[in-house]
> 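One structure, pasted below without further comment.
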Amino acid sequence: MAHLNGPVLVTGGNGFVGTWLLRKLAASGFDAWSAVRRLGTTGVDDVKEIVFDLEDPASIFQALDRVRPAGIIHLAGMASPHLSNLRPEAVYHVNFLGTQRILESCRVLGLKPRVVLAGSATVYGRVSPEDLPLAESRPPRPLDPYSLSKAATEMLAPLYSTHFPVVVARPFNHTGPEQVTDFVLPAFSAQIARIEAGLQEPVLRVGDLSSERDFLDVRDVSNAYVALLEQGEAGSIYNVCSGSCRTVSRWLEMLVQLSRVPVEVVVDSSRVFAQSNPRLVGDNARLRALGWSPRIAPEQMIAELLDHWRGRTAPETT
C-alpha cells in the first residue's frame, strides 16, 4: 500500500535494480515513473517514462517540473567501479554533479520530495577484520574515483535535508535475474548455462575466488529502498546488506552444484584483479530497525540467477 501522496520517480529505471524496483512500486500501488535517457527502454507494466539525462540540466529540471514527484529514488549514474575508474572526470561529472542537479532543481522548483540516494559500500575503503561488520558510523575513506564520487554524493544529503528529506542507501554486493555479466555471479551463471547448452567447452574460467562478499538478492534491495523512501531518517545513511558473507569460491560452488553437466573450474589470470578488501560484510541493524529483513535465501537467489541465464541461452542445434 502506497504511503506517499504523489508520484515516485526512479532515475535509471531501465537498469538492473531500477527495473525490479519499479515492479515493486507498481505492484504496491505507487504512481511509478521511470526516468531514462531514451523512452521505451524500461519495459515495466503500469510505469510511465520520462526523458532524464544527468548530463543535461535542462532535461532534469523539465522532468521534475512535469512529474512533481513526492518521492525520488536516485539510481542513475556510472555503476561499474572498474569502468568508472578508467574515466575519473566522467564519473565525478555524472555521479556527483548529476545528483546535485536533481536536488538543486527540486529546491528551485519548490518541491518537497522524499529522496533516496543510492550510494555504495565502496566508500568505506580499505578495512581491517576488526572493523567488521561495517557500521554506518565508520568514516568514509574512498580509494578511487568511483568511491570518491559516491562519498561526495552522500555529503549532499544533510545539505539538502534542510529543504526536504534526503536519505542515503549504501548497498553492498547484490545480484539476481537480469544482472549483466560485468558482475561476478552472473558471469559464472552465464558460463554454466553456455556449457549446459553445448556452446562452451566444460571449463568455467574465473578470477580470484578468495575474497568474501556480502550479497543480497535484488528484490530485497528493492524492498529496502522502498522502506527507506517511506521511513528513512533525513540526512541519515543506511547499509543495504545481508549482514553475512561467503567466499566467492563458496558462491561459485553453490552454482556448480546446480549444474546439469560436469564443469571444470580454471583460474584465468586475465580475470584476476587486485582486491582492496579480502572480506567485506555490513551491519544492517539500522535498516532492520525500520522493519526490513531479507526474504530471499542465498540458495534461492543463486538458483534463480542460474535459471535466468539458462532461459537466455539457446542450446546448440545439430
Side-chain angles (χ1 to χ4, degrees), residues 14-20 23 43 78-86 120-122 146 171-222 241-281 294-318:
N14 56 349
F16 167 55
V17 177
T19 301
W20 283 102
R23 289 174 183 144
M78 294 179 66
S80 166
H82 177 65
L83 298 177
S84 296
N85 292 334
L86 298 175
S120 169
T122 62
Y146 174 79
F172 284 61
N173 293 82
H174 46 274
T175 193
E178 300 172 22
Q179 189 178 36
V180 298
T181 55
D182 293 340
F183 299 90
V184 62
L185 298 186
F188 294 161
S189 301
Q191 286 193 70
I192 291 173
R194 286 180 57 80
I195 291 168
E196 290 179 344
L199 300 174
Q200 178 177 322
E201 61 178 337
V203 175
L204 202 160
R205 302 190 182 280
V206 303
D208 178 21
L209 301 177
S210 63
S211 58
E212 297 179 69
R213 292 294 181 261
D214 181 335
F215 274 94
L216 262 186
D217 187 273
V218 65
R219 288 157 288 191
D220 285 323
V221 174
S222 298
C241 57
S242 72
S244 63
C245 65
R246 305 178 187 207
T247 60
V248 175
S249 62
R250 176 56 186 144
W251 290 111
L252 174 59
E253 181 184 338
M254 293 168 67
L255 282 165
V256 170
Q257 288 173 346
L258 295 172
S259 176
R260 296 165 180 166
V261 297
V263 173
E264 178 186 2
V265 176
V266 173
V267 176
D268 181 348
S269 60
S270 69
R271 298 171 185 256
V272 176
F273 301 100
Q275 298 285 346
S276 59
N277 290 308
R279 187 168 187 261
L280 200 60
V281 60
R295 298 181 180 180
I296 307 295
E299 294 76 13
Q300 179 185 348
M301 177 180 75
I302 288 294
E304 292 183 1
L305 178 62
L306 180 54
D307 281 342
H308 168 76
W309 282 99
R310 284 171 173 153
R312 289 189 56 175
T313 306
E316 185 177 37
T317 57
T318 57

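We number each residue from 1, following the sequence as shown. Side chains included, hydrogens not; waters and symmetry mates left out as well; all remaining heavy atoms used. Computed from a prediction, not measured in an experiment: that's the story for all the values here.
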> Applying side chain to side chain donor-acceptor pair (under 3.5 Å), can you list everything that pairs with Asn85, at least two apart in sequence or on another chain?
Asp144
> Sequence neighbours left out, what passes side chain to side chain contact (heavy atoms under 4.5 Å, CB included) with Glu253? Give chain and number order.
Arg250, Gln257
> Which residues satisfy the salt bridge (charged side-chain N to carboxylate O under 4.0 Å, His left out) test with Glu264, sequence neighbours excluded?
none
> Output every pair passing salt bridge (charged side-chain N to carboxylate O under 4.0 Å, His left out) with a member in residues 179-193, not counting sequence neighbours, ordered by first then second residue.
none
> Would you say the side chain of Val248 lies within less than 4.5 Å of the side chain of Phe188, judging by non-hydrogen atoms?
yes
> In Å and rounded to the nearest 0.5 Å, what is the CZ to CG distance from Arg260 to Leu306?
7.5 Å
> Looking at CZ of Arg219 and CD of Gln300, how far apart are the two atoms once the value is rounded to the nearest 0.5 Å?
5.5 Å
> What residues form a ring pair (Phe, Tyr, Trp, His ring centres under 6.0 Å) with Trp309, not counting sequence neighbours?
none
> Would you please name every residue forming a side chain to side chain contact (heavy atoms under 4.5 Å, CB included) with Ser120, sequence neighbours left out?
Thr122, Tyr146, Lys150
> Go through the steps to decide whether Asn277 and Ser211 satisfy the test side chain to side chain contact (heavy atoms under 4.5 Å, CB included), and finish with yes or no.
CA-CA 7 Å; Asn277 290 308; Ser211 58; over 6 Å; no
> Could you check whether any side-chain heavy atom of Cys241 comes within less than 4.5 Å of a side-chain heavy atom of Arg213, counting everything from C-beta outward?
no
> With rounding to the nearest 0.5 angstrom, report the CG to CD distance, Leu258 to Glu299.
9.5 Å
> Give the minimum heavy-atom separation between Ser259 and Val261, together with the two atoms involved.
OG-O, 2.7 Å
> Given side chains that start at C-beta, do those of Cys245 and Arg279 come closer than 4.5 Å, heavy atoms only?
yes
> If I compare all heavy atoms of Ala197 with all of Ala314, which pair ends up nearest, and what's the gap?
CB-O, 3.9 Å
> Look up atom CD1 in Ile192 and atom CG in Leu204, then write down how far apart they are to the nearest 0.5 Å.
5.0 Å
> Counting N and O atoms only, with roles assigned by atom type, does the side chain of His174 sit under 3.5 Å from a partner on the main chain of Val218, one being a donor and the other an acceptor?
no
> Check Asp220 against Ile296 and note the closest heavy-atom contact, atom names and distance.
OD2-N, 3.0 Å
> Just jot down the side chain to side chain contact (heavy atoms under 4.5 Å, CB included) partners of Arg194, sequence neighbours excluded, or say none.
Leu199, Gln200, Thr313
> Restricting to non-hydrogen atoms, name the atom on Ser84 and the atom on Ala79 that form the minimum distance, rounded to 0.1 Å.
OG-N, 4.5 Å
> Work out which heavy atom in Leu185 is nearest to a heavy atom in Ile302; give both atom names and the distance.
CD1-CD1, 4.0 Å
> Not counting sequence neighbours, list each pair that qualifies as a ring pair (Phe, Tyr, Trp, His ring centres under 6.0 Å) and has a residue in residues 189-222.
Phe215-Trp251
> List for me each residue that meets salt bridge (charged side-chain N to carboxylate O under 4.0 Å, His left out) alongside Asp214, sequence neighbours excluded, and say none if there are none.
none
> Can you list everything that forms a side chain to side chain donor-acceptor pair (under 3.5 Å) with Thr247? Sequence neighbours excluded, please.
Ser249
> The criterion is side chain to side chain contact (heavy atoms under 4.5 Å, CB included); which residues satisfy it with Gln179, sequence neighbours excluded?
Phe16, Thr175, Phe183, Pro186
> Which heavy atom of Gly176 sits nearest a heavy atom of Leu305, and at what distance?
O-CD1, 3.2 Å
> Mind checking salt bridge (charged side-chain N to carboxylate O under 4.0 Å, His left out) for Arg310 and listing every partner two or more places apart, or none if nothing turns up?
Glu196, Asp307
